[in-house]
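Following: one structure in structure tokens, then a few remarks.
Residue numbers start at 1 and run along the sequence shown. For the numbers below, each heavy atom of this structure counts, side chains included, while hydrogens, waters and symmetry mates do not.
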Amino acid sequence: MRQGELDVGDVGQIARTGAVPPGQDIDAVVAAAHARALRHSQGAVADYIPVLAEADPELFGLCVVDVDGGVHAEGDTGALFSIQSISKAFVYALLCDALGHEEVFDVVGVNNTGAAFNSVVAIELNGGHPGNPMVNAGAIATTALLPGDSAEARWEGIRAGLSRFAGRELEIDEEVYRSETLTNQRNRAIGQLLESYGRIRSDPAEAVDVYTRQCSLLVDARDLAVMGATLADGGVNPVTGERVVSADVCRDTLAVLAASGLYERSGEWLFEIGLPGKSGVAGGLVTVAPGKAGIAAYAPRLDSAGNSVRGQIATAYLSRALGFNIFASDSHYSRGDLA
Ligand code: GLN
């Protein structure tokens, strides 16, 4: 979405390289961002996974969790939805933590494919390489690489790991899992294609099944904001105090999100919002302000790339109003540092 569509005309753009503003100020900004995005009802609820089409398009939750553990919530932040592609970011972080930077870099890659999240052509054009872990091919390859003797063990590692990011035990939505399993022929094809190129060493059908389960985990906007805040806080969950992954892993994961978190729209997103983020087709969107906060939105209407429309509008507002854009700076002269 372009600046005009993001409805940020009068928000202004400030640079803030220090701490986040005090709690009550964040509450007011979150409420204003929610009200602003609520005016917009463009986009459509995903229906290629049949059960997702039943989502209430009006649900809209917005939550910021800062690295001190402060929670700033507005709207339907307790409404549960399947995490979908947002799981890719956190499973990737778990894999990097287990295997290290180099190995994952080689096998999964870090470059944007410029194509849709479920593209088969992108795999072919890349000589069988999945491209990056935020598209389905790279996510299936990521899941296949996780440590564990069986698919069940790998699944339990994912469920437990994502639960540590969220700070509570996450559960699968069996209906979403069933609905997607009946309709995920394309992902199964991607799994087999990767196998044909020697990119998946374990059984591709099993890898796709575990990937489908991870996409079916239920979260709410508050959970997602805590998960994002953990990536913002060097890998320590700021609400539970538990270290989930290393600070190096957070840095690597956020770099990958900046390049590919919103698929083929990642460049536009970075240009307008200036933060790493990750979207999912159920309408979730998580954004990370490194060292500052996690932002999460849930609003099921999507743009044509599969990104929440209200989520993008609200996040653009927050990024500007809270001074979160990582590329923004003020001259040190204008701050009066050099008198
Ligand atoms: N489970 C979905 C799929 O594989 C996830 C896609 C998404 O959220 N973009 O198609």
Side-chain angles (χ1 to χ4, degrees), residues 20 23 26-38 40-41 43 45-46 52 55-67 69-90 162-171 173 176 215-233 237-240 257 261-262 269 273 275-289 292-303 306-319 321-322 324:
V20 284
I26 305 183
D27 286 336
V29 174
V30 171
H34 186 274
R36 175 70 63 100
L38 200 58
H40 297 267
S41 48
V45 175
L52 295 186
D56 176 355
E58 288 308 327
L59 285 172
F60 180 28
L62 184 63
C63 188
V64 171
V65 171
D66 60 52
V67 290
V71 177
H72 312 275
E74 189 70 32
D76 304 310
T77 49
L80 290 166
F81 56 95
S82 51
I83 189 167
Q84 296 297 341
S85 268
I86 301 167
S87 64
K88 293 167 177 165
F90 298 96
L162 266 57
S163 296
R164 285 199 298 279
F165 271 110
R168 72 173 184 92
E169 289 303 312
L170 300 179
E171 284 170 16
D173 184 327
V176 171
C215 289
S216 308
L217 280 170
L218 280 173
V219 290
D220 62 22
R222 184 189 181 282
D223 293 326
L224 268 191
V226 175
M227 295 173 88
T230 303
L231 289 178
D233 193 30
N237 181 319
V239 174
T240 64
L257 291 190
L262 278 88
W269 163 266
I273 281 118
L275 292 169
K278 183 76 200 85
S279 60
V281 284
L285 176 62
V286 68
T287 306
V288 179
K292 295 176 181 171
I295 302 170
Y298 168 54
R301 289 199 200 90
L302 311 177
D303 68 14
N307 305 314
S308 171
V309 173
R310 280 181 176 165
Q312 291 179 80
I313 294 168
T315 307
Y317 187 105
L318 288 172
S319 171
L322 295 171
F324 281 172

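- Ser319 contributes a side-chain N or O that, together with a main-chain N or O of Ile273, makes up a donor-acceptor pair within less than 3.5 Å.
- Side chains of Val65 and His72 form no contact here, defined as non-hydrogen atoms less than 4.5 Å apart.
- Not counting sequence neighbours, the partners of Ala289 by the side chain to side chain contact (heavy atoms under 4.5 Å, CB included) test are Leu275, Lys292, Phe324.
- Separation of atoms OG (Ser85) and NZ (Lys278) is listed at 4.5 Å; rounding is to 0.5 Å.
- Glu74 has its side chain within reach of Val30: a pair of non-hydrogen atoms, C-beta onward, lies under 4.5 Å apart.
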Go through it in stages, so that I can follow the logic: the residues are Glu171 and Leu217, the test is side chain to side chain contact (heavy atoms under 4.5 Å, CB included), and I'd like the CA-CA distance, side-chain angles, deciding distance and then a yes or no. CA-CA 6 Å; Glu171 284 170 16; Leu217 280 170; 5.7 Å; no

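- When all heavy atoms of Val226 and Ala166 are compared, the pair lying nearest together is CG1-O, 3.6 Å.
- By the side chain to side chain donor-acceptor pair (under 3.5 Å) test, Ser82 pairs with Gln84, sequence neighbours left out.
- The minimum heavy-atom distance linking Leu62 with Ala33 is given by the pair CD2-CB, 3.8 Å.
- Residues Leu162 and Met227 are in side-chain contact: their nearest non-hydrogen atoms beyond the backbone lie under 4.5 Å apart.
- No side-chain heavy atom of Asp27 sits under 4.5 Å from any side-chain heavy atom of Val64.
- Judged as a side chain to side chain donor-acceptor pair (under 3.5 Å), and not counting sequence neighbours, Asp76 has no contacts.
- No side-chain heavy atom of Thr77 sits less than 4.5 Å from a side-chain heavy atom of Asp220.
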Ile83 and Leu218: CA distance, side-chain angles, deciding distance, side chain to side chain contact (heavy atoms under 4.5 Å, CB included) verdict: CA-CA 6 Å; Ile83 189 167; Leu218 280 173; over 6 Å; no

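- Closest of all the heavy-atom pairs between Ala232 and Ala293 is CB-O, 3.5 Å.
- With sequence neighbours excluded, the residues that form a ring pair (Phe, Tyr, Trp, His ring centres under 6.0 Å) with Phe165 are Phe90.
- For Asp173, the salt bridge (charged side-chain N to carboxylate O under 4.0 Å, His left out) test picks out no residue, with sequence neighbours left out.
- Asp66 places a side-chain heavy atom less than 4.5 Å from the side chain of Ile26.
- To the nearest 0.5 Å, the span separating CD on Glu169 from OG on Ser163 amounts to 4.5 Å.
- The minimum heavy-atom distance linking Gly284 with Leu224 is given by the pair CA-CD1, 4.3 Å.
- In terms of the salt bridge (charged side-chain N to carboxylate O under 4.0 Å, His left out) criterion, residue partners of Asp223 (sequence neighbours excluded) are, by chain and number, Arg168.
- In this structure a side-chain-to-backbone donor-acceptor pair under 3.5 Å is present from Arg310 to His40.
- Under the side chain to side chain contact (heavy atoms under 4.5 Å, CB included) criterion, Asn307 pairs with Leu262, Tyr263, Arg265, Ser279, Asp303, Ala305, Gln312, sequence neighbours left out.
- For His34, the ring pair (Phe, Tyr, Trp, His ring centres under 6.0 Å) partners two or more places apart in sequence, or in a different chain, are Phe60.
- Checked against side chain to side chain donor-acceptor pair (under 3.5 Å), Thr287 has no partners two or more places apart in sequence or in another chain.
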Show me the side-chain donor-acceptor pairs of residues 294-302 shorter than 3.5 Å, one per line, residues at least two apart or across chains.
from   : atom 1 : to    : atom 2 : distance (Å)
Arg301 : NH2    : Glu58 : OE2    : 2.6

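- Side chain of Asn237 to main chain of Arg164: a donor-acceptor pair is present (N/O by atom type, distance under 3.5 Å, no hydrogens or angles).
- In terms of the side chain to side chain donor-acceptor pair (under 3.5 Å) criterion, residue partners of Ser87 (sequence neighbours excluded) are, by chain and number, Gln214.
- Residues Phe81 and Leu59 have side chains not in contact (no heavy-atom distance under 4.5 Å, counting atoms from C-beta outward).
- Minimum interatomic distance between Pro238 and Thr230 (heavy atoms only, all atoms of both residues): CD-OG1, 3.7 Å.
- Annotation: the span from Leu231 atom CG to Leu257 atom CG amounts to 7.0 Å, rounded to 0.5 Å.
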